[in-house]
Amino acid sequence: MSETAQATAKAAADSHSNRWKALTFITLAQLMVVLDATIVNIALPSAQQDLGISDGNRQWVITAYALAFGGLLLFGGRIADLWGRKRTFVAGLIGFAAASALGGAATNEATMLGARALQGAFGALLAPAALSLLAVMFTEPKERAKAFGIYGAIAGGGGAVGFILGGVLTEYMNWRWTFFVNIPFAVIAAAGAYFVIREPSGSRNRSPLDIPGVALSILGLVTLVYAFTRAESDGWGDSTTVGLFVAAAVLLAAFVFTESKVRAPLLPLRVITERNRGGVYLSLGLAIIALFGLFLFLTYYMQLVKGYSPVKTGLAFLPLIGGLMVGSTQIGTRLITRIPPRLLMAPGFLLAGTGMFFLTRLEINTSYAGVILPGLVLLGLGMGTAFMPALSLSTHGVEPRDSGVASAMVNTSQQVGGAIGTALLNTIAASATTAYIKDHIGGAGSKAQQQLVQLEGQVHGYTNAIWFAVGILVLAATIAATFVNTGKPEVGPASGEGAEDEMRIPVIAH
């Protein structure tokens with residue numbers, strides 16, 4: 001064997017032997033990105049007071065992150081394919097740590113908003129790089145199932161972990177630690193990735209960067225995310241909101257047209273037109289709409305109606321995290337090599353819908369143990385069971401050179417889904433609350449009775465929105481059952497000419 005061949009074989013062996021160590025650092029980075037989307041929520045009131053941020057501008061602490069993250073994801077995925085996934089992953093982690101340090105040290109509103117935008121931008125680099133690294137490192141179906149089971153649990157439960165960690169840090173330390181806590185996460189993950197990850201050779205896409213596609217995708221996605229954010233605060237009928245939705249539709253249509261014409265597109269249309277991947281992106285985005293909307297309502301319900309502290313509110317989400325872990329690492333991972341993915345995804349979304357149905361029974365004096373606990377457990381089990389095969393299928397049959405942008409599409413569907421969920425369901429809840437109070441406030445004579453009507457109106461609004469979330473999860477299950485038609489993974493290595501195209505991963509593959 002030649003020296004070149006020996007070196008190649010040794011590199012492949014090193015990559016194979018280190019893949020589980022690499023998974024540790026990849027999931028640590030993913031946890032950091034996902035929890036950062038929610039950890040700041042609980043700390044926001046304290047940060048707003050310290051930095052003198054007005055009520056009108058406080059939403060930008062959340063929105064600046066969402067706009068940068070959602071708008072740059074496709075670009076970040078393409079950079080990972082072009083520049084190298086390991087290099088992009090490490091650079092994203094270092095940048096995220098620096099932006100977090102800036103946010104934690106912020107002394108005014110401008111610095112805080114700039115830090116949040118930088119966090120989103122670097123998150124858009126490392127998130128698709130992390131998922132695409134898994135796609136090219138884990139190619140055996142059983143090992144792939146385990147890896148994506150762990151990753152799926154982190155991706156699904158990270159938001160709830162953010163509430164817990166945010167509550168603890170805010171109540172017992174200081175809001176600045178909701179930023180500073182990212183630094184050790186990022187440093188450990190970056191150092192580990194640098195020394196452990198060995199990216200397979202020959203999987204980069206060195207085609208020239210599609211500049212028109214980059215510009216249109218960023219403008220289109222930023223406009224879309226901002227339109228949903230504005231709809232939440234100013235209403236769906238606001239002229240500016242409507243104009244933003246129209247502009248987003250035009251920009252994204254122009255993006256699709258451009259991608260169909262250029263020689264080296266930012267998002268090859270083959271990535272999203274394959275029915276299994278398309279079904280995953282759509283059903284996963286819908287599920288995130290329901291999940292993120294619920295996070296918002298339950299947080300408000302437990303703190304404003306039940307009077308829970310930030311820490312107690314965070315701990316109340318633990319059953320959801322436990323359910324996600326069991327559903328993803330036990331149910332999904334154990335069954336994915338035995339049955340087709342749609343038989344996990346569709347029932348998983350329906351089980352999550354059943355848990356959501358429990359939560360439509362919320363009232364002012366609802367028992368946590370009798371209603372919220374079983375609802376969260378079922379929701380977690382269902383989401384975990386569905387997320388695991390969905391994430392694994394997100395790069396189903398994709399060429400290695402496209403794995404970064406295919407991974408970015410998963411994150412894009414989640415990010416846009418989160419923005420839609422927060423805006424759409426919050427609007428539904430607010431409308432139902434206003435109508436309830438208007439109908440009942442006349443019969444409330446004393447101030448105490450009026451306050452009771454106010455609380456009843458809030459809970460009525462939450463339950464109305466949760467009913468919509470139930471319907472959304474049923475729709476996600478229907479799409480998964482209809483579009484996803486790939487069979488169970490083949491056991492053993494792939495062979496033949498098609499092995500490379502399928503990355504030896506497919507079939508539930510990535």
Side-chain angles (χ1 to χ4, degrees), residues 41-42 44-45 48 53-60 62-63 163 226-245 286 289-308 310 313 316 353 355-368 370-372 375-376 379 417-475:
N41 288 20
I42 290 181
L44 183 55
Q48 178 186 357
I53 301 174
S54 68
D55 287 345
N57 288 340
R58 66 182 175 187
Q59 67 163 333
W60 282 100
I62 307 300
T63 303
F163 284 118
Y226 181 49
F228 278 108
T229 301
R230 188 177 177 92
E232 181 185 0
S233 58
D234 294 353
W236 296 89
D238 176 70
S239 58
T240 303
T241 301
V242 174
L244 286 168
F245 277 115
L286 287 168
I289 289 176
L291 187 62
F292 270 64
L294 182 72
F295 283 162
L296 180 70
F297 300 136
L298 276 187
T299 299
Y300 282 136
Y301 174 79
M302 287 188 280
Q303 290 198 32
L304 300 182
V305 178
K306 302 295 284 185
Y308 289 6
T313 300
M356 199 77 79
F357 173 75
F358 262 83
L359 298 171
T360 61
R361 300 164 55 200
L362 287 178
E363 296 177 356
I364 290 180
N365 297 317
T366 293
S367 161
Y368 176 85
V371 175
I372 300 175
L376 289 178
L379 180 64
I420 294 172
T422 302
L424 176 63
L425 297 182
N426 196 49
T427 302
I428 292 169
S431 298
T433 296
T434 301
Y436 183 93
I437 294 174
K438 182 179 180 180
D439 290 342
H440 294 80
I441 197 69
S446 66
K447 185 176 181 180
Q449 289 176 325
Q450 291 176 357
Q451 291 176 340
L452 180 62
V453 170
Q454 295 277 353
L455 288 177
E456 288 174 343
Q458 289 183 40
V459 177
H460 178 74
Y462 301 155
T463 55
N464 267 265
I466 293 172
W467 271 113
F468 275 85
V470 172
I472 290 170
L473 286 172
V474 172
L475 179 59

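Values below: every heavy atom of this structure, side chains too, minus hydrogens, waters and symmetry copies.
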- Return yes if some donor-acceptor pair links the side-chain N/O of T241 with the main-chain N/O of G237 below 3.5 Å, else return no. no

- Message: Once rounded to the nearest 0.5 Å, what's the spacing between atom OG1 of T313 and atom CG of L304?
- Response: 9.0 Å

- Could you tell me whether Q449 atom CD has more than 12 heavy atoms of other residues or ligands within 6.0 Å of it? yes

- Please report the shortest heavy-atom distance between H460 and A432, naming the atom on each side. CD2-O, 3.5 Å

- How close do G457 and T433 get, heavy atom to heavy atom, and via which atoms? O-OG1, 2.9 Å

- Return the minimal non-hydrogen interatomic distance between M302 and A316, and the atom names on each side. SD-CB, 3.4 Å

- Partners of Q450 by side chain to side chain contact (heavy atoms under 4.5 Å, CB included), sequence neighbours excluded? I441, A444

- Message: If you count heavy atoms of other groups shown closer than 6.0 angstrom to CZ of F357, is the number above 12?
- Response: no

- Query: CZ of F297: more than 12 outside heavy atoms within 6.0 angstrom?
  - Reply: yes

- Item | Minimum-distance pair of heavy atoms, taken over all atoms of A290 and L473 | CB-CG, 3.8 Å

- Between atom CG of L424 and atom CD1 of I472, what is the distance when rounded to the nearest 0.5 Å? 6.0 Å

- Query: Are L362 and I466 close enough, and set up right, to give a side chain to side chain contact (heavy atoms under 4.5 Å, CB included), and what steps lead you there?
  - Reply: CA-CA 10 Å; L362 287 178; I466 293 172; 4.2 Å; yes

- Item | Between CG on residue L455 and CD1 on residue I364, distance to nearest 0.5 Å | 5.0 Å

- Message: Can you classify the ring geometry of W236 versus F245 as parallel (below 30°), tilted (30 to 60°) or perpendicular (above 60°)?
- Response: parallel

- Task: Report the C-alpha distance between L294 and L425 in whole Å, list the side-chain angles of each, state the deciding distance to 0.1 Å, and finish with yes or no for side chain to side chain contact (heavy atoms under 4.5 Å, CB included).
- Result: CA-CA 9 Å; L294 182 72; L425 297 182; over 6 Å; no

- From L452 atom CG to K447 atom NZ, the distance as rounded to the nearest 0.5 Å: 14.5 Å

- Heavy-atom side-chain proximity of L291 to L379 below 4.5 angstrom: yes

- Task: List for me each residue that meets ring pair (Phe, Tyr, Trp, His ring centres under 6.0 Å) alongside F358, sequence neighbours excluded, and say none if there are none.
- Result: none

- Note on the structure: The reported gap from CZ in F468 to OG1 in T427 (rounded to nearest 0.5 angstrom) is 11.0 Å

- Should V459 and T366 be marked as a side chain to side chain contact (heavy atoms under 4.5 Å, CB included) after you check the CA-CA gap, both sets of side-chain angles, and the distance that decides it? CA-CA 10 Å; V459 177; T366 293; over 6 Å; no

- Item | Verdict with reasoning, T463 to Y301, per side chain to side chain contact (heavy atoms under 4.5 Å, CB included) | CA-CA 10 Å; T463 55; Y301 174 79; over 6 Å; no

- Query: So how far is it from I437 CD1 to Q458 CD, rounded to the nearest 0.5 Å?
  - Reply: 7.0 Å

- Looking only at heavy atoms, the pair that brings L244 and A227 closest together is CB-CB, 3.7 Å

